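To start, the structure under review is shown below, and the notes come after it.
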Amino acid sequence: MNRKLIWLYILGFSLVSNAQIPENRGVLLELFTSQGCSSCPPADKLLEEIKENYKDQKVFTISYHVDYWNRLGWKDPFSKEVFSDYQRGYASQFNSRSIYTPQLVVNGKEHFTGSDRLKALDAIEHYLDSSEFIEFKHWELELKEDTVQLDYTFEDIPGVEVISVIVKNSTTTKVLRGENGNRTLTNSNIVLDQQVKLNNKGSFVFKLPETIEDTNDLSFLTYLKNKEGAVIGAKQSKLN
């Protein structure tokens, strides 16, 4: 590991590289987590720290809450079976025999324990230095009563998968049962809904969750994956 990463670790990475990073470089971090998993809170916290410390760079952070921990007595209110299935897709891609939490997937190319700070920082610096994201030619959000329409266009590349998600910035939950029973957890970057398309031009229409009172707490992220499952582009924005 280089000296810069060691210092970032020692200082809680309050210092972020001032090096000029090309505009086409980017990193997507996907954390698979659960309120029912006792080893997940440190990973949730790390993801939020990364979001804050890399806010001026194209480092995108989201967390998918899986549902297979719900059997232990606490139903994670953000968990969905489709998110667990999405994680299983990564298991197949990485030739893994099982799925686990907390798992951090970086640019769809590698994975490791989500609370591993050094690996996360190393991966971020690596992909900011080497990855090339394609740009969206058009990407626009429009609020229509209780729905949000997202229109997008990018260059026509065969086999690209377009994934769009609604992301909730942060929430605090008092967990009553399960491995985190009697703990108050703060989760951030929470995926509330996911849609997938295979066209380089189109629209996503999301119905706003009834539990959301302030749309300023939401953002919308669209990312692109090639035939090998690697992330090759991403864009995120709030409604206003």
Side-chain angles (χ1 to χ4, degrees), residues 21-33 47 54 57-67 80-101 103-112 114 119-120 122-142 148-167 189-207 219-237:
I21 297 173
E23 292 186 1
N24 67 335
R25 302 292 167 81
V27 186
L28 173 67
L29 305 176
E30 299 172 272
L31 176 67
F32 293 92
T33 184
L47 195 73
Y54 285 90
Q57 300 178 39
K58 288 186 178 180
V59 178
F60 305 94
T61 57
I62 55 176
S63 59
Y64 285 100
H65 287 235
V66 297
D67 69 341
K80 290 188 176 182
E81 183 179 5
V82 66
F83 299 159
S84 300
D85 290 339
Y86 179 57
Q87 185 186 24
R88 291 185 182 98
Y90 271 130
S92 177
Q93 177 180 323
F94 295 133
N95 295 316
S96 301
R97 293 184 177 181
S98 60
I99 53 178
Y100 64 94
T101 56
Q103 179 189 32
L104 190 63
V105 178
V106 186
N107 271 9
K109 293 183 177 180
E110 62 176 291
H111 70 101
F112 45 84
K119 282 189 176 180
D122 196 16
I124 291 169
E125 294 300 318
H126 169 71
Y127 289 111
L128 283 179
D129 185 57
S130 63
S131 64
E132 293 188 5
F133 274 14
I134 68 170
E135 297 292 331
F136 284 85
K137 295 180 179 179
H138 179 70
W139 197 92
E140 182 179 8
L141 289 169
E142 183 179 2
V148 173
Q149 180 168 318
L150 190 158
D151 299 321
Y152 70 89
T153 306
F154 60 90
E155 63 180 283
D156 192 6
I157 303 174
V160 171
E161 185 177 54
V162 188
I163 301 175
S164 193
V165 295
I166 302 179
V167 182
N189 317 292
I190 308 160
V191 174
L192 301 180
D193 194 11
Q194 180 199 65
Q195 294 183 28
V196 181
K197 292 184 181 294
L198 299 175
N199 301 317
N200 71 307
K201 180 179 181 179
S203 299
F204 290 98
V205 178
F206 289 100
K207 183 174 177 61
S219 64
F220 295 79
L221 169 68
T222 301
Y223 56 104
L224 312 176
K225 300 173 76 172
N226 64 18
K227 290 185 286 187
E228 289 72 40
V231 176
I232 60 171
K235 186 173 180 63
Q236 184 172 18
S237 178

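These figures come from a predicted structure and were not determined experimentally.
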Just how far is it from atom [atom1] of [X] to atom [atom2] of [Y], taken to the nearest 0.5 Å?
X      : Y      : atom1 : atom2 : value
Phe220 : Phe206 : CZ    : CZ    : 7.0 Å
Lys80  : Leu192 : NZ    : CG    : 7.0 Å
Lys235 : Phe136 : NZ    : CZ    : 8.5 Å
Leu28  : Ile124 : CG    : CD1   : 11.0 Å
Leu47  : Thr61  : CG    : OG1   : 4.5 Å
Lys137 : Asn200 : NZ    : CG    : 8.0 Å

When you measure from the side chain of [X] to the backbone of [Y], do you find a donor-acceptor pair of N or O atoms at a distance under 3.5 Å?
X      : Y      : value
Ser63  : Asn189 : yes
Asn226 : Glu228 : yes
Ser131 : Gly26  : yes
Glu161 : Gly229 : no
Gln87  : Thr101 : no
Asn24  : Phe133 : no

Any chance CD of Gln149 has more than 12 other-residue heavy atoms, nucleotides or ligands included, within less than 6.0 Å?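 Yes - once you tally the heavy atoms of other residues, nucleotides and ligands closer than 6.0 Å, there are more than 12.
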Might you confirm whether atom NZ of Lys225 has over 12 heavy atoms from other residues, nucleotides or ligands at distances under 6.0 Å?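 Enclosed: over 12 neighbouring heavy atoms sit under 6.0 Å from NZ of Lys225.
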Show your reasoning for whether side-chain contact (heavy atoms from CB on, under 4.5 Å) applies to Phe32 and Ile99. CA-CA 9 Å; Phe32 293 92; Ile99 53 178; over 6 Å; no
Step-by-step salt bridge (Lys or Arg N to Asp or Glu O under 4.0 Å) determination, Asp85 to Arg88: CA-CA 5 Å; Asp85 290 339; Arg88 291 185 182 98; 2.8 Å; yes
Of all the heavy-atom pairs spanning Ala123 and Glu110, show the shortest one and how long it is.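 Minimum heavy-atom contact is CB-OE2, 4.2 Å.
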Looking at every non-hydrogen atom in both residues, tell me the closest pair between Ala120 and Leu104 and how far apart they are.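 Minimum heavy-atom contact is CB-CD2, 4.1 Å.
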Distance alone, cut at 3.5 Å: any donor-acceptor contact between the side chains of Tyr90 and Gln103?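 Side chains of Tyr90 and Gln103: no pair found under 3.5 Å.
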